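The next block holds one structure in the form of structure tokens; read it before the comments.
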Amino acid sequence: MSNQTSGKQRHRVVVIGSGFGGLFACKHLRHAEVDIVLISKTSTHLFQPLLYQVATGILSTGEIAPATRIVLRKQENVQVIMGDVHDIDLTNRTITSELLNRDTVTPFDSLIVATGAQQSYFGNDHFATYAPGMKTIDDALELRARILGSFEEAELAPTQELRDRFMTFVVVGAGPTGVELAGQIAELADRTLVGTFRNIDPRDARVILVEGADAVLKPMGPKLGGKAQQRLEKMGVEIQLNAMVTDVDARGVTIKDQDGERRIEAACKVWSAGVQASELGPMLAERSEGTEVDRAGRVIVEKDLTIKGHPNVFVVGDLMSVPGVPGQAQGAIQGATYAAKQIKAELAGKQQPAQRAPFKYFDKGSMATISRFDAVCQIGKLEFSGFFAWLMWLGLHLYYLVGFRSRFMTVVQWFVAFLGRHRGQMAATEQWVFARLALEALAGNDEDASEVRAEADLGAGNGAANKPAPKAG
Ligand SMILES: Cc1cc2nc3c(=O)[nH]c(=O)nc-3n(C[C@H](O)[C@H](O)[C@H](O)COP(=O)(O)OP(=O)(O)OC[C@H]3O[C@@H](n4cnc5c(N)ncnc54)[C@H](O)[C@@H]3O)c2cc1C
């Protein structure tokens, strides 16, 4: 089935993706004489930097993922449509997106592609069955159910060996996401869950952060990386550097380091080790002669963030590959702003595409929280850590959260979680753990279907119940 969105009126800009790149592109075209169609496969604008707080019970999904159409309600020149873009026709200037087996074809004059990146398992996609990543709301909810489910299973485990496995949490990758997640799992165990079980003491949980490189937060340099490592270790997080994960299964991970291969038995694993650009990157490269992608599938764009031979097609955010621009929110926001400015200037007759000044990235710094009241922060040559850095982290995240309601509710939830020991979002269901695998099985992948059964068998096999409790893989 196929339908066509309403006919052409003014200059039509199609924006693909409702993340930082897509949303900021639309906002910067607010007063332009254009009709915008924003197409995204998700209905929300997701604030990814706080996903780990959804996974660890501090925030709800509503706080970090407002509905895009509500965010843009007052911007009358935007139509938001939901759909998974699977075709970009650069010759006929159309986009084809799919929503529940129905194709929609949308024509464009200018195109801004901001479809971001997803988790990369470096060719070992089967690891995802047991170690979900942290890229989507589904990932965060699945992870919350796996973390809390692990404690539930530990409480009922008939042997110490099983109990230890359920009380061991492995986070793969010591970048900002891995560091933040490891810190929050440790705080969850040490503060929120204390006194809530009768057979186990949640403080006995082992949180292990595994990193293939020789440092925590390596891009932030040895000083801040060292501070983060010290602080995590003080909280009881075990850090294993120069350790490559070579296999992941239901019962744990296999690690290779200088001493050879070894196992860590752990029911709950999280993958935050790498990213792979959206599939639209390679598609664009294939369809525009001379355009290439880098190793992560990001489009190597021209100096004006367009692809070769198509000055009306911009690629921004995590999908673009520009030397010196990190895969961070600032890169996406600045790229989207730049693209919108070029479109506006050319529609106003102020410049031709050939006269565009190259995109320039302004590095506003980077930061990561380690625990409540503690963060590391780098702005230019300035490096600082501790409470002041945490306050800056707090302010900046509130600033970029979209909408007054989200900001207000986030402050309330942080107040509850950081000053007290409670967390407001501790719900978790069995469905959250199994839904991803069940959907893959529904899509007809027999291998995945058997993985679902294997997961369920493992849950029943711990003697807790015939029906598996919410559990970690
Ligand atoms: C866990 C985590 C923590 C992070 N922490 C920080 C941080 O502290 N500071 C920082 O600066 N950055 C952080 N980042 C990085 C930052 O979130 C990204 O750089 C930023 O979101 C990139 O924006 P984007 O618009 O390019 O892509 P995204 O925000 O990923 O948005 C991509 C959009 O495209 C849509 N989409 C994808 N494929 C299709 C398709 N085929 N059809 C239609 N729509 C599609 C998606 O649904 C989504 O709406 C973090 C990222 C993660 C995952």
Side-chain angles (χ1 to χ4, degrees), residues 14-26 37-56 64-65 67-68 71 80-88 95-99 104 106 112-120 132-140 143 171 173 175-181 184 217 219-220 270-284 298-299 305 314-321 325-336 339 363-369 375-378 393 396-397 400:
V14 170
V15 176
I16 314 178
S18 58
F20 283 104
L23 188 70
F24 276 78
C26 289
V37 179
L38 171 67
I39 311 173
S40 184
K41 67 178 177 188
T42 47
S43 63
T44 59
H45 164 67
L46 176 61
F47 191 86
Q48 288 176 347
L50 288 174
L51 266 177
Y52 77 98
Q53 295 203 359
V54 172
T56 52
I64 67 160
T68 315
V71 174
V80 177
I81 64 173
M82 226 181 136
D84 190 342
V85 171
H86 60 84
D87 190 43
I88 300 177
I95 300 299
T96 308
S97 55
E98 188 222 308
L99 179 66
T104 298
T106 310
I112 300 177
V113 188
T115 47
Q118 59 220 11
Q119 211 68 60
S120 168
M134 270 280 284
K135 276 282 176 191
T136 64
I137 293 174
D138 288 331
D139 290 340
L143 207 53
V171 179
T177 304
V179 163
E180 290 172 338
L181 203 52
Q184 279 312 314
L217 295 177
M220 292 182 91
V270 192
W271 192 268
S272 65
V275 290
Q276 179 71 34
S278 121
E279 67 285 356
L280 296 190
M283 183 193 285
L284 281 172
R298 290 174 301 201
V299 181
L305 307 188
F314 295 87
V315 178
V316 303
D318 283 4
L319 188 61
M320 72 184 185
S321 173
V325 182
Q328 288 187 346
Q330 272 309 317
I333 292 170
Q334 291 180 32
D363 186 358
K364 294 187 178 171
S366 47
M367 47 178 64
T369 43
V376 288
C377 182
Q378 186 181 48
W393 169 88
L396 197 84
H397 282 66
Y400 279 108

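Residue indices begin at 1 and follow the sequence shown. Just follow the structure's listing: the first ligand is 1, and inside any ligand the first atom is 1. Since the model is a prediction, treat every value here as computed from it, not as a measurement.
Each of the following atoms of ligand 1 lies closer than 4.0 Å to a heavy atom of G327: 15 (C), 19 (O). Of all atoms in ligand 1, listed by their number and element, those nearer than 4.0 Å to a heavy atom of M134 are 1 (C), 53 (C). Interface atoms of ligand 1 facing S18, defined by a heavy-atom separation under 4.0 Å, are 33 (C), 48 (C), 49 (O). Of all the atoms in ligand 1, the ones that sit under 4.0 Å from a non-hydrogen atom of T177 are 1 (C), 2 (C), 3 (C). If you number the atoms of ligand 1 from 1 as listed, the ones under 4.0 Å from a heavy atom of G317 come out as 26 (O).
Among all protein heavy atoms, the one lying closest to atom 29 (O) of ligand 1 is G19 CA, 3.4 Å. The protein atom (non-hydrogen) at minimum distance from atom 37 (C) of ligand 1 is T115 O, 3.3 Å. The nearest protein atom to atom 26 (O) of ligand 1, hydrogens excluded, is given as D318 N, 2.9 Å; this is a heavy-atom distance. Nearest protein heavy-atom contact of atom 20 (C) of ligand 1 is F20 CD1, 3.6 Å. Nearest protein heavy-atom neighbour of atom 44 (N) of ligand 1: K41 N, 3.1 Å. Closest protein heavy atom to atom 51 (C) of ligand 1: Q48 OE1, 3.4 Å.
Between R298 and V275 the shortest side-chain heavy-atom distance does not fall below 4.5 Å. In this structure the side chain of T44 reaches within 4.5 angstrom of the side chain of I137, judged on heavy atoms.
Looking at ligand 1, you'll find an N or O of V85 within less than 3.5 Å of one of its N or O atoms. At a 3.5 angstrom cut-off on N or O pairs, G21 counts as close to ligand 1. Considering both main-chain and side-chain atoms, T42 comes within under 3.5 Å of ligand 1 through a nitrogen or oxygen pair. Between D84 and ligand 1, an N or O atom pair is found at a separation short of 3.5 Å. Remark: ligand 1 and K135 share no N or O pair separated by less than 3.5 Å (distance only, no angle test). Checking only distances, L319 never comes within under 3.5 Å of ligand 1, N or O to N or O. Ligand 1 has a nitrogen or oxygen under 3.5 angstrom from a nitrogen or oxygen of A329. Polar contact with ligand 1: absent for S278 (N/O pair, distance under 3.5 Å).
Between the side chain of W271 and the main chain of S120, a donor-acceptor pair closer than 3.5 Å is present. One N or O on the side chain of Q119 and one on the backbone of M134 form a donor-acceptor pair closer than 3.5 Å. In this structure a side-chain-to-backbone donor-acceptor pair under 3.5 Å is missing from E98 to D84.
The line from OG of S18 to CD1 of I39 is 11.5 Å long, rounded to the nearest 0.5 Å. The distance from the CD1 atom of I112 to the CG atom of L319 is 13.0 Å, given to the nearest 0.5 Å. To the nearest 0.5 angstrom, I81 atom CD1 is 12.5 Å from T68 atom OG1. Here the CE atom belonging to M82 is positioned 10.5 Å from the OG atom belonging to S97, to the nearest 0.5 angstrom. We find the CD-CD1 distance between Q328 and I333 to be 10.5 Å, quoted to the nearest 0.5 Å. Distance CG/L280 to CG/D87: 9.5 Å, rounded to 0.5 Å.
Across all their heavy atoms, S278 and Q118 have their closest contact at CA-OE1, 4.5 Å.
In this structure, P176 has no heavy atom closer than 4.0 Å to ligand 1.
Contacts between E279 and ligand 1 below 4.0 angstrom, taking non-hydrogen atoms only, involve the side chain exclusively.
Using a 3.5 Å distance cut-off with no hydrogens or angles, the side chains of T177 and S272 do not pair a donor with an acceptor.
Of all the listed residues (A114, S97, S43, P49), P49 holds the heavy atom that lies closest to atom 9 (N) of ligand 1. Evaluated by nearest non-hydrogen atom to atom 43 (C) of ligand 1, the leading choice among G83, G22, G17 is G83. When the options G116, A277, A332 are ranked by their closest heavy atom to atom 27 (O) of ligand 1, first place goes to G116.
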Please walk me through it: do D139 and L51 pass side-chain contact (heavy atoms from CB on, under 4.5 Å)? CA-CA 9 Å; D139 290 340; L51 266 177; 5.8 Å; no
